[in-house]
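Data block below; observations after.
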Protein chains: 2
Amino acid sequence: MPTINDVARAAGVSPSTVSYVLSGRRPISAETRARVQAAIAELGFHPHAGARALASSKTNVLALVAPLRLDVNVPVIMQFATAVVTAARSFNHDVLLLTKDEGTAGLERVAHSTMVDALILMDIERDDVRLPAIRRLKQPSVLIGMPADHAGIACVDLDFEAAAGLALRHLAGHGHRRIGLIGPSPAVYRRQTTYADRFLAGFLTASAELELRTVTHPCEPGADGVRAALADLDTELPGMTALVVHNEETLRPLLDLLRAAGRRVPEDISIVAVCPRDVAMSMPVNLTSIDIPAHDVGTLAVETAMRLLDGRRVEFTRLLEPGLVERSSCREIPPSHR
Amino acid sequence: MPTINDVARAAGVSPSTVSYVLSGRRPISAETRARVQAAIAELGFHPHAGARALASSKTNVLALVAPLRLDVNVPVIMQFATAVVTAARSFNHDVLLLTKDEGTAGLERVAHSTMVDALILMDIERDDVRLPAIRRLKQPSVLIGMPADHAGIACVDLDFEAAAGLALRHLAGHGHRRIGLIGPSPAVYRRQTTYADRFLAGFLTASAELELRTVTHPCEPGADGVRAALADLDTELPGMTALVVHNEETLRPLLDLLRAAGRRVPEDISIVAVCPRDVAMSMPVNLTSIDIPAHDVGTLAVETAMRLLDGRRVEFTRLLEPGLVERSSCREIPPSHR
DNA sequence: CGAGATTGTCGAAGCGCTTCGACGACACCC
DNA sequence: GGGTGTCGTCGAAGCGCTTCGACAATCTCG
């Protein structure tokens with residue numbers, strides 16, 4: 001492996017000049033630059049990451065802390081990860097993948113040993129135990145999610161409260177008055193994962209504002225969980241004409257179940273799903289949905305980290321506005337029937 | 001951030017002694033060691049990763065190159081990734097996540113700049129364009145998959161040829177003679193992703209050996225693709241009594257379709273799936289399946305990388321023996337009907 | 001036209017660690 | 001009792017890079 005000294009010698013300049021060609025931090029004459037670049041290309045020189053990190057205290061690496069257990073929404077996680085890695089590369093950074101399992105210790109390990117310049121964390125809980133540690137790190141963090149106490153920490157996410165409002169307003173606008181919510185699994189609520197809480201809060205607020213009759217229900221994974229949830233909703237909210245489903249995994253069994261019970265979508269029951277676009281479109285019924293813009297959120301998280309790194313101002317809370325796309329799972333209830 | 005010098009001063013020893021306490025490469029008296037460790041704990045010392053990498057030419061980081069596009073089997077990829085990260089941590093290594101999109105350039109970038117000690121690559125194609133580059137790197141690589149020319153490169157995977165044989169033998173043992181294969185999407189075959197090829201090869205060999213009547217068919221994703229594939233199989237192989245499905249994504253629509261057509265599983269048609277255990281068990285019919293042991297493969301890949309790194313011998317080709325678990329999707333055809 | 005600014009380059013220091021050789025202190029053995 | 005080892009520790013060199021200050025050369029403008 002050639003070093004910067006080899007390049008310098010080959011180009012007939014000093015090592016520092018090579019460094020300045022690489023970093024652009026000082027003006028270098030066009031011809032010197034050309035000679036240096038030629039030497040770099042010819043020798044196939046790549047600066048040693050460790051040496052660079054040591055000398056400059058920058059690693060050009062981001063940590064991504066992902067929940068790699070399988071009880072969560074795998075495809076969405078994957079979309080976040082893809083977006084983060086891609087965006088990071090566009091800023092000339094790489095991504096170190098950590099599991100949430102390592103908890104606080106993992107964060108501290110990579111931060112204290114200066115392996116990364118910044119951290120991006122997913123699957124944030126309401127009172128996330130990692131928060132104090134995050135605040136103590138010298139590296140900035142960006143959260144995908146919004147804990148209760150997020151003062152001074154950059155947070156990025158879909159505005160789930162607004163999303164719930166949007167879903168209800170859409171349904172109310174179509175004349176629905178009795179609406180059920182199928183939420184994430186109880187485990188997710190138990191962890192107080194922030195998107196679940198925020199969606200629920202938005203749902204309840206909008207429900208009150210719009211003077212709707214609503215019932216909310218978490219939902220265990222699997223067909224049995226869906227069956228139970230649906231049965232409960234039917235009992236507690238007779239005459240229910242619409243469902244908001246904030247639980248990607250239940251969509252498929254739910255549709256199966258409804259069909260088996262002879263309840264047509266949207267003729268007998270309308271559905272608004274909150275899930276990635278592609279999921280909504282790959283169901284037996286083309287679902288009206290509010291997209292979870294994993295790609296945008298991931299990209300924004302990286303951009304925010306970059307701004308933080310070069311000391312620019314950032315808005316500490318960035319909640320992306322939800323968008324609802326009409327497809328074929330909501331019907332208009334005629335005014336006479338409302 | 002305290003440095004090794006701070007620790008040395010606090011413990012009243014030289015920096016090299018601290019280093020030897022940390023690495024264990026030279027004998028240190030118990031009492032000195034205790035003093036040093038106390039100082040480390042008190043100061044909260046973590047060695048600087050870059051400095052370490054520079055001085056020792058070891059990064060304690062593995063690259064994981066994953067296909068982060070979404071056309072492939074997301075959950076399986078995720079399982080590999082989880083296994084790799086977890087296993088890496090157990091060897092005190094971290095994982096740098098690269099996308100396959102970056103291709104050869106990405107590998108060379110992280111390898112030449114000494115960001116990683118070894119590489120683990122997924123989604124290997126038959127004549128993978130990255131192979132020459134991989135051979136040239138000074139860091140060792142471990143492939144999850146098996147390219148045509150794998151001489152001198154460590155490869156780890158499920159033995160897909162054997163898996164196909166196992167599936168056919170199971171069905172033949174139950175009296176099935178006419179068996180269809182629903183394979184991955186044409187795109188996967190086009191890329192000549194090695195697991196698809198190898199499974200197909202094993203399927204054809206076993207089919208001949210067992211003197212079965214078989215037809216094989218790739219399958220476009222989505223319900224339409226499945227419908228087309230099934231129709232073709234029915235046409236080309238009238239009287240087909242069993243299906244081998246080597247395409248996780250089609251399982252659900254396939255079962256829907258069969259049910260809709262009034263074909264019961266396993267009464268009218270038997271199925272052996274090749275997919276992760278949890279997928280097989282989360283279907284409407286509990287599927288007899290051959291597990292894709294992503295966890296084992298990922299772990300083995302990391303172990304192999306570690307052996308390579310400390311110069312121990314490795315078997316360059318490790319194909320994990322497939323296991324078939326009987327559930328409820330295969331019926332025995334009575335001898336009278338064979 | 002000269003003081004001052006700008007441009008382009010160099011040399012040297014130093015980032016924080018590992019590792020090699022050296023060395024004193026002992027123990028061991030014929 | 002002097003050679004031979006082993007043990008435990010230290011000092012110094014050096015890994016490959018960035019960055020700071022210095023300086024010569026060139027430009028700028030009142």
Side-chain angles (χ1 to χ4, degrees), chain A residues 1-37 39-40 43-61 92 109-117 138 310, chain B residues 1-37 39-40 43-61 92 109-117 138 310:
Chain A
M1 295 278 95
T3 73
I4 201 172
N5 290 296
D6 300 327
V7 174
R9 208 170 310 121
V13 298
S14 79
S16 53
T17 300
V18 177
S19 179
Y20 287 125
V21 167
L22 251 28
S23 69
R25 293 182 160 286
R26 291 229 178 143
I28 297 289
S29 70
E31 64 181 315
T32 302
R33 197 180 319 125
R35 246 181 317 131
V36 169
Q37 276 160 347
I40 288 176
L43 298 179
F45 167 71
H46 289 252
H48 186 292
R52 206 163 218 196
L54 181 55
S56 70
S57 346
K58 283 158 169 252
T59 63
N60 276 36
V61 175
N92 196 28
R109 184 170 53 77
V110 298
H112 289 158
S113 62
T114 324
M115 299 185 79
V116 303
D117 293 336
K138 67 169 194 280
D310 41 52
Chain B
M1 295 278 94
T3 72
I4 201 172
N5 290 296
D6 300 328
V7 174
R9 208 171 309 124
V13 300
S14 79
S16 53
T17 300
V18 177
S19 179
Y20 288 125
V21 167
L22 251 26
S23 69
R25 295 183 160 285
R26 291 226 177 147
I28 298 289
S29 71
E31 64 181 316
T32 302
R33 197 181 318 125
R35 249 184 312 134
V36 168
Q37 275 159 348
I40 289 176
L43 297 178
F45 167 71
H46 290 252
H48 186 292
R52 209 165 215 194
L54 180 56
S56 70
S57 350
K58 284 158 170 254
T59 63
N60 276 38
V61 175
N92 196 28
R109 184 169 54 76
V110 298
H112 289 159
S113 62
T114 324
M115 299 185 79
V116 303
D117 293 337
K138 66 167 194 280
D310 41 51

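In what follows, chains carry the letters A, B, and so on, assigned in the order in which the sequence lines appear, proteins first and then strands, with residues in each chain numbered from 1. Keep in mind that the numbers below use all heavy atoms, side chains included, and drop hydrogens, waters and symmetry copies.
- Atom CZ in A:Phe45 sits about 8 Å away from atom C1' in D:dG16, given to the nearest Å.
- Each of B:Leu54 and B:Ser29 was assigned the nucleotide of DNA chain D with the nearest heavy atom; the assignment lying further toward the 5' end belongs to B:Ser29.
- Note: NE2 (B:His48) to C1' (C:dG14) measures 13 Å, nearest angstrom.
- Taken from CD in A:Glu31 to CD1 in A:Ile28, the straight-line distance is 11.5 Å, to the nearest 0.5 Å.
- The backbone N or O of B:Ala11 lies less than 3.5 Å from a partner atom in the side chain of B:Arg35, making a donor-acceptor pair.
- Residues from residues 2-9 of chain B lying near DNA chain C, meaning a heavy-atom separation below 4.0 Å, are B:Thr3, B:Ile4 in numerical order.
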Check: protein-nucleotides 19-22 of chain C nitrogen or oxygen pairs below 3.5 Å:
unit_1, atom_1, unit_2, atom_2, d
C:dT19, OP2, B:Arg25, NE, 3.2
C:dC20, N4, B:Tyr20, OH, 2.5
C:dG21, N7, B:Arg26, NH2, 3.3
C:dG21, O6, B:Arg26, NH1, 2.3
C:dG21, O6, B:Arg26, NH2, 3.4
C:dA22, N6, B:Arg26, NH1, 3.4

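- A donor-acceptor pair under 3.5 Å is absent between the side-chain atoms of A:Asn92 and the main chain of A:Asn60, judged by distance alone.
- Screening residues 48-59 of chain A for salt bridge (Lys or Arg N to Asp or Glu O under 4.0 Å) gives no qualifying pairs among residues at least two apart or on separate chains.
- Using a 4.0 Å heavy-atom criterion, one finds that A:Ser57 contacts no nucleic acid atom at all.
- When every heavy atom of B:Ala10 is checked against every heavy atom of B:Ala39, the shortest pair comes out as CB-CB, 4.0 Å.
- At whole-Å resolution of the value, CG in B:Asn60 and P in C:dT18 are 11 Å apart.
- Considering only heavy atoms from C-beta on, A:Thr114 comes within 4.5 Å of A:Lys138 through its side chain.
- When all heavy atoms are compared, the tightest approach of A:Phe45 to A:Leu22 is CE2-CD2, 3.7 Å.
- Applying the salt bridge (Lys or Arg N to Asp or Glu O under 4.0 Å) test to pairs two or more places apart or on separate chains, those with a residue in residues 2-28 of chain A are A:Asp6-A:Arg9.
- Between atom NE2 of residue B:His48 and atom CE of residue A:Met115 there is a gap of 10.5 Å, rounded to the nearest 0.5 Å.
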Distances for protein N or O near nucleotides 24-27 of chain C N or O, under 3.5 Å:
none

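- Between B:Glu31 atom CD and D:dC7 atom P there is a gap of 17 Å when expressed in whole angstrom units.
- Pairs engaging residues 13-24 of chain A under the side-chain hydrogen bond (donor to acceptor under 3.5 Å, both in side chains) rule: A:Ser14-A:Ser16, A:Ser14-A:Thr17 [sequence neighbours left out].
- Distance NE2/A:His46 to CZ/B:Arg109: 9.5 Å, rounded to 0.5 Å.
- B:Pro47 comes within 4.0 angstrom of sugar-phosphate atoms only, judged by non-hydrogen atoms across all strands, and of no base.
- The interatomic distance linking A:Leu22 (CG) with D:dG16 (C1') rounds to 12 Å, in whole Å.
- Taking atom CD1 of residue A:Ile28 and atom C1' of nucleotide D:dA25, one finds them 15 Å apart after rounding to whole Å.
- Looking at the side chain of A:Arg52, the nearest of the listed nucleotides C:dT9, D:dC17, C:dC17 is D:dC17.
- For the pair B:Met115 CE and D:dG16 P, the computed distance is 17 Å after rounding to whole Å.
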